[in-house]
Amino acid sequence: MKKLLCAALFTALIAPAAIAQTAPPVAAKKAHEVKAPHGATRQDEYYWLRDDTRKNPDMLAYLNAENAYADLVLAPTKALAGTIYDEIVSHIKQDDSSVPVRRRGYYYYTRFDTGADYPILARRKGTMDAPEEILLNQPELAKGKSFYQVRGWSVSKDGRYLAWAEDLTGRRQNTLKVKDLQTGALLADTVTNMEGTPTWSDDGKMIFYVDKDPVTLLSKRIKVHVIGTPASADKTVYEEKDDSFYIGIGRTSDDKFICIFMQSTVSKEQKCAPAAKPDTFTSIAPRQRDFEYAADHVGNRWVILTNWNAKNYKLMAVEDAHAAHGRGMWKDLVPVSDAVFIEDFTPFNGFIAIEERSGGNKRVRILTDAGKSSFIDADEPAYTMGLSGNTEVDTQWVRYTYDSLVTPTTTYETNVQTGERRTLKVQPVPGYDPSKYVTERVWATARDGTKIPVSLVYAKGFKKDGTAALYQEAYGSYGASSDPGFSASNPSLLDRGMVIAIAHIRGGQEMGRAWYDDGHLLNKKNSFTDFIDVTRWLVANGYSKKGRVAAMGGSAGGLLMGAVANMAPEDYGLIIAQVPFVDVVTTMLDASIPLTTNEYDEWGNPADKKYYDYMLSYSPYDNVAAQNYPAMFVGTGLWDSQVQYYEPAKWVARLRAKKTDSNPLVFRVNMEAGHGGKSGRFERYRQEAEWTAFMFQTLGVK
C-alpha cells in the first residue's frame with residue numbers, strides 16, 4: 001500500500017499528455033465473506049476499505065491515491081472548470097438576502113455580504129425600518145474551520161435566547177449552543193450529538209432536542225435541557241424503541257403545542273403537549289403499520305393529513321373537545337381523490353393552504369372554512385410551487401414560491417379574501433435572460449406502457465435533429481419528487497447547446513402514492529428501467545443521440561446511476577454518481593451502519609431471502625461485470641453519515657478491476673465533508689464545475 005501511495009504521488013507530477021499511459025490506483029483484494037441469516041454468503045474482496053474510525057492508514061492511502069489520480073485525469077479540464085465556476089458565480093447576487101419572515105413581533109432574515117460563503121442571521125423588531133440585530137454571524141463562526149453548518153435554530157418565545165445546532169464535520173452530529181440576545185453572551189450550555197431544530201418551552205427555561213445514538217446515528221431520544229444545568233442532567237422525555245423510526249420535535253403552527261414526530265417508511269405517530277406546560281405528551285393517534293398521519297393545530301381544532309382509507313391522502317379535522325376520543329372522531333375536510341395527491345398543508349385561522357400534486361406538477365390550493373376552494377395559477381407546463389414562510393396563523397395572506405427550469409425563484413403572497421397577489425422578491429440572477437430558453441413537459445413511454453413525465457429545458461432555436469448532448473438526472477426513491485426548479489448552473493449547459501432533462505421516474509410521488517409504491521421494495525427495478533426508457537425515448541425523438549447522454553444522480557439517485565451503468569452502459573457517454581448508495585445488500589444486512597434499520601420498508605430486509613435475492617439482483621456493487629462501461633465520475637465525502645464513503649470506494653475498486661473498456665473513471669473523495677459536500681454557498685459550485693467540465697470534455701460539448 002505504501003508503494004501505491006508513492007506511485008500516486010509520483011503520477012501527480014506527470015504531464016497531462018501521459019495520462020493515458022498512467023495506470024489508475026489498484027486496491028488490494030482481501031478475502032472476506034459476508035453472511036446472511038438465511039445462510040447465503042458473498043465474497044467482498046474490498047470490505048477492508050471500511051473503517052468506522054476513518055484512521056486506517058492503508059484505507060486513507062488508497063483514497064488519497066484516488067484523489068491524486070483524479071487530479072491527473074482532470075488536469076486538462078481544470079481551466080475549463082474555472083471558467084464554468086466563474087459563469088455560475090456570475091449568476092449569483094453576492095450581497096443577497098432572504099425575504100423577511102415575521103414571527104412574534106420580529107422580522108427574521110438571512111443576508112450575505114459580497115464574497116461571503118456563509119450568511120448572517122439577523123432580525124428587526126416590529127418593522128424592517130428598525131435597527132438590525134445580528135443573531136448569528138456565521139462568517140465569523142466559520143473562520144478557521146474546514147466545515148461549518150448551522151443545521152437548525154430557534155428563538156425563545158420572549159425573544160431573548162437563541163438556540164442553534166452546529167455541525168463542524170458534516171456528519172450531522174451537531175452541538176447545541178445558546179446565546180443571550182440581550183447581552184450577546186454565549187451561555188455555557190452545550191449538548192453534543194444532537195440533531196434537528198431545538199424547540200423552546202414557552203417560559204424559555206427548557207430546550208427540547210433529539211439525541212442520537214453515537215454509533216448508528218439514529219434519532220433515539222427526545223431530551224430536555226434546562227438552561228443553566230449541565231447536559232448530564234438532561235432528562236429523557238421520550239425514547240424510541242423501534243429502530244425503523246426516525247423522530248423529531250417541533251411546535252404547531254399556532255404555537256400552542258410542542259409535538260414529537262415519529263416516522264418510518266410506512267407509519268407515523270405524533271405525541272403533543274401544551275407548550276406552556278410540556279410535561280405530558282399525548283398521542284394524537286396510536287401508531288399502526290401502514291397508517292400515516294401528520295397533525296397541526298389552529299384555533300380549536302386539529303387538522304390532519306392522513307392515508308387512512310385514502311391511498312392519495314386526505315385532510316381531516318377534529319375539534320379539541322373530541323381529540324382524545326380517537327380517530328373515529330375525525331371528520332373529512334378534503335376527501336381522497338384518485339387524480340390528486342395531497343402532499344402537505346398549512347392551517348390558518350379561517351382557511352387552509354394545501355400543497356397537492358396533479359398531472360406531475362405540484363400546485364397550491366386555498367380552502368376556506370366556508371368551503372370555498374381556489375387554485376394559484378401557473379403559466380408554464382413544468383414548474384415548482386410550494387408554501388413558504390407562513391409563520392403566523394392570524395393573517396389573510398398566504399406566502400408561496402414559484403420557479404421553473406427557466407424562471408428564477410419568485411416569492412409571492414396572495415390575499416385569500418380579495419385575491420390580490422403581491423410579488424415579494426424575484427431572485428436576482430445577474431446576466432441571465434429567461435427569454436433565451438424554453439421549458440416543456442413530455443411523456444416518455446416505459447417498457448411496460450407507463451407514461452413517465454419528463455421536464456425539459458433548452459435554448460431557443462434548439463432543433464430535434466439528434467445532435468445535441470443531453471444531461472439527464474433523476475432520484476426516484478423514498479417518495480421524494482424531483483420538481484423542476486431553477487438553477488444558476490443551467491445556463492452553462494444550455495448556452496453550449498445541451499438539453500437538460502429531469503426524469504420523474506417511479507419511486508417518487510409526482511404522480512401520486514401509487515407512483516412510489518411502483519418504485520420501491522420488490523418494484524424497485526421500475527425506477528431503473530424508467531430512467532433508461534426515458535433516455536431511449538428522448539434519443540428516438542431527436543433530443544440527443546446515443547453516446548452523447550450524461551446521466552446524473554446522487555445518494556439514492558446514485559444507486560440509480562449504479563444500476564443503470566450495469567444494465568445499459570451503451571446508452572450513456574458519461575455516468576455521474578454523487579455519494580452513491582451502491583452496496584445495497586451488505587449495508588442493509590448490517591444494523592450497526594447509520595440509518596440501515598430505518599430503510600427496511602424502502603428497500604426490504606435482506607434477512608428475508610425474498611428481499612435478499614431481489615436486492616442482490618440489482619445491487620450495483622454486486623452486479624459489476626466484465627463489460628464496457630461509459631466514462632464515470634464518482635464523488636463521496638469521508639464523513640458522510642447517510643451513505644458511508646466505503647460504498648463508492650469499494651464500487652470504484654471493483655469497477656477498476658472488472659471493466660473491459662479504457663474510458664476514464666474518476667473518483668473524487670472530499671476528505672473534509674459529509675453527504676452534502678463541503679460547506680459554504682460557493683464551494684459546492686467548485687465541485688459541480690469540476691464534473692461539469694469533465695462532462696463537456698467527455699461528450700464533446702464546446
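- Between the side chain of Thr439 and the main chain of Leu456, a donor-acceptor pair closer than 3.5 Å is present.
- No donor-acceptor distance shorter than 3.5 angstrom exists from the side chain of Tyr85 to the backbone of Ala689, with no hydrogens or angles considered.
- For the pair Arg654 and Asp583, the salt-bridge criterion is not met [side-chain N within less than 4.0 Å of a carboxylate O].
- Remark: Asn390 engages no residue in a side chain to side chain donor-acceptor pair (under 3.5 Å) (not counting sequence neighbours).
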**Study point:** From CA spacing to verdict: side-chain hydrogen bond (donor to acceptor under 3.5 Å, both in side chains), Glu688, Ser489
**Key:** CA-CA 8 Å; Glu688 186 174 346; Ser489 307; 2.9 Å; yes

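- Between Arg289 and Asp601 there is a salt bridge, with a side-chain nitrogen of the basic residue lying less than 4.0 Å from a carboxylate oxygen of the acidic one.
- Within the 4.5 Å cutoff, side-chain heavy atoms of Gln578 are placed close to those of Trp691.
- Side-chain contact, Lys425 with Thr410: no donor N or O sits under 3.5 Å from an acceptor N or O.
- With no hydrogens or angles considered, a side-chain donor-acceptor pair links Ser617 and Lys525 at under 3.5 Å.
- In this structure, Asn312 contributes its side chain and Gly512 its backbone to no donor-acceptor pair below 3.5 Å.
- A donor-acceptor contact shorter than 3.5 Å is absent between the side chain of Arg172 and the backbone of Arg151.
- Tyr458 does not carry Lys464 over the face of its six-membered ring by the limits of under 6.0 Å from the centre and within 45° of the normal.
- Looking at Asp96 and Gln427, their side chains do bring a donor and an acceptor atom within 3.5 Å of each other.
- In this structure, the separation between CD on Gln687 and CZ on Phe682 is 14.0 Å, given to the nearest 0.5 Å.
- A distance of 4.5 Å separates CD1 in Ile342 from CG in Leu315, rounded to the nearest 0.5 Å.
- Remark: side-chain polar atoms of Asn605 are not paired, donor with acceptor, to backbone N or O of Tyr611 under 3.5 angstrom.
- At a cut-off of 3.5 Å, with distance as the only test, a side-chain donor of Glu380 or Ser404 sits close to an acceptor on the other residue.
- Ionic pairing of Arg536 and Glu570 is present here: one or more N-O contacts between side-chain nitrogen and carboxylate oxygen are shorter than 4.0 angstrom.
- The closest side-chain donor-acceptor pair between Ser435 and Lys460, if any, does not fall under 3.5 angstrom.
- Legend: residues meeting ring-ring contact (aromatic ring centres under 6.0 Å, His included) with Tyr432, ordered by chain and number and at least two apart, are Tyr437, Phe486.
- Counted within 6.0 Å of CG on Asp338, heavy atoms from surrounding residues, nucleotides or ligands total 12 or fewer; the atom is thus considered open.
- The ring of Tyr478 has its center closer than 6.0 angstrom to the ring center of Trp603.
- In plain terms, the two heavy atoms of Ser244 and Ser264 that are nearest each other are O-CB, 3.2 Å.
- Annotation: Tyr402 is not in aromatic contact with Tyr400 [ring centroid separation under 6.0 Å not met].
- Side-chain contact between Ile452 and Phe531 is absent, with no heavy-atom pair separated by less than 4.5 Å.
- No side-chain N or O of Glu87 forms a donor-acceptor pair with one of Tyr685 less than 3.5 Å apart.
- Neither side chain, Asp483 nor Ser481, offers a donor N or O lying under 3.5 Å from an acceptor on the other.
- Counting only distance, with no hydrogens or angles, the side chain of Glu602 and the backbone of His520 share no donor-acceptor pair below 3.5 Å.
- Between the side chains of His504 and Ser455, a donor-acceptor pair is found at a separation under 3.5 Å.
- Within the 3.5 Å criterion, the main-chain N or O of Gly479 finds a donor-acceptor partner in the side chain of Gln509.
- Scanning for ring-ring contact (aromatic ring centres under 6.0 Å, His included) contacts around Tyr313 gives Phe341, with sequence neighbours left out.
- When the shell of 6.0 Å around NZ of Lys78 is examined, it contains 12 or fewer heavy atoms from other residues, nucleotides or ligands.
- Without hydrogens or angle criteria, Asp530 side chain to Arg506 main chain gives a donor-acceptor distance under 3.5 Å.
- In terms of modelled atom types and a separation under 3.5 Å, the side chain of Glu355 and the main chain of Glu343 share no donor-acceptor contact.
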